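Remarks on the structure that follows.
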Amino acid sequence: QVQLVESGGGLVQGGGSLRLSCAASGRTFNAYVMGWFRQAPGKEREFVAAVAWGPGNTNTADSVKGRFTISRDTTKRTVYLQMSSLKPEDTAIYYCAYYNAARGGATWLRLSSWDAYDYWGQGTQVTVSS
């Protein structure tokens, strides 16, 4: 079992910045991917970004590229989402997710789908005012 705990959400004015954190605990494997998704009211869960734990390769959705940056701290088993130039349309609950890459076969395309992931955090609310 893997537990994920997000933090760092809140209310921010448009154009502002926030940094989300997600700490993993429990039995994490050596090869895994951690991702961020978001879900706005009445909308489907949307991929934001993901990072492969070992090499640190990342993939970021076009909708946030250039504004959001995903990174990880391997010693703390924590993934971060630095969000800048925030817009009202970024308002959503942001979820952290974990994929056990030891299963193999995953591509970035596959990992942009929420149902590829094995574990989820409880979510953290981000609200951007205009």
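Along the sequence shown, residues are numbered consecutively beginning with 1. From a predicted model like this one, the values you see are computed outputs, not experimental measurements.
Remark: S63 OG to F68 CZ distance equals 7.5 Å, nearest 0.5 Å. The distance from the CD atom of Q13 to the OG atom of S129 is 5.0 Å, given to the nearest 0.5 Å. One distance of note links CG of L18 with CE of M83; it measures 4.5 Å at 0.5 Å rounding.
The two residues W108 and A50 come nearest to each other via the heavy atoms CZ3-CB, 3.7 Å. Nearest heavy atoms, L4 versus A24: CD2-CB, 3.7 Å. Closest approach of T91 and V128 over heavy atoms only: OG1-N, 2.9 Å. Among all heavy-atom pairs drawn from S71 and V79, the shortest one is O-CG2, 3.1 Å. Between V51 and T58, the shortest heavy-atom distance links the atoms CG2-CG2, 3.8 Å. Here the closest non-hydrogen pair linking A49 and L81 is CB-CD1, 4.3 Å.
One hydrophobic cluster, built from ILVMFWY side chains closer than 4.5 Å, cannot hold both I70 and Y95; they sit in different ones. Connection of V12 to V48 is established within a shared hydrophobic cluster, with ILVMFWY side chains joined at heavy-atom distances below 4.5 Å, either directly or through further cluster members. Residues Y32 and Y119 fall within the same hydrophobic cluster, defined by Ile, Leu, Val, Met, Phe, Trp and Tyr side chains chained together at heavy-atom separations under 4.5 Å.
Between the side chain of S112 and the backbone N or O of L109, at least one donor-acceptor pair lies under 3.5 Å.
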Exercise. Going through the distances and angles, do L111 and N59 end up as a side-chain contact (heavy atoms from CB on, under 4.5 Å)?
Worked result: CA-CA 9 Å; L111 291 167; N59 186 39; over 6 Å; no
Exercise. Passes side-chain contact (heavy atoms from CB on, under 4.5 Å), V2 versus D118? Steps please.
Worked result: CA-CA 9 Å; V2 175; D118 302 295; over 6 Å; no
Problem set entry | V33 vs Y117, side-chain contact (heavy atoms from CB on, under 4.5 Å): CA-CA, chis, key distance, verdict | CA-CA 9 Å; V33 173; Y117 291 80; 4.2 Å; yes
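Put simply, the side chain of Q122 reaches to within 4.5 Å of the side chain of E6, judged on heavy atoms.
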Table please: side-chain donor-acceptor pairs of residues 34-45 below 3.5 Å, with sequence neighbours left out.
| unit_1 | atom_1 | unit_2 | atom_2 | d |
| --- | --- | --- | --- | --- |
| R38 | NE | E46 | OE1 | 2.8 |
| R38 | NH1 | D90 | OD1 | 2.9 |
| R38 | NH1 | Y94 | OH | 2.9 |
| R38 | NH2 | E46 | OE1 | 3.4 |
| Q39 | OE1 | R45 | NE | 3.4 |
| Q39 | OE1 | R45 | NH2 | 3.4 |
| Q39 | NE2 | K43 | O | 3.1 |

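No more than 12 heavy atoms of other residues, nucleotides or ligands sit less than 6.0 Å from atom CH2 of W114.
The side chain to side chain donor-acceptor pair (under 3.5 Å) pairs that include a residue from residues 76-89 are T28-R77, where partners are two or more places apart or lie in different chains.
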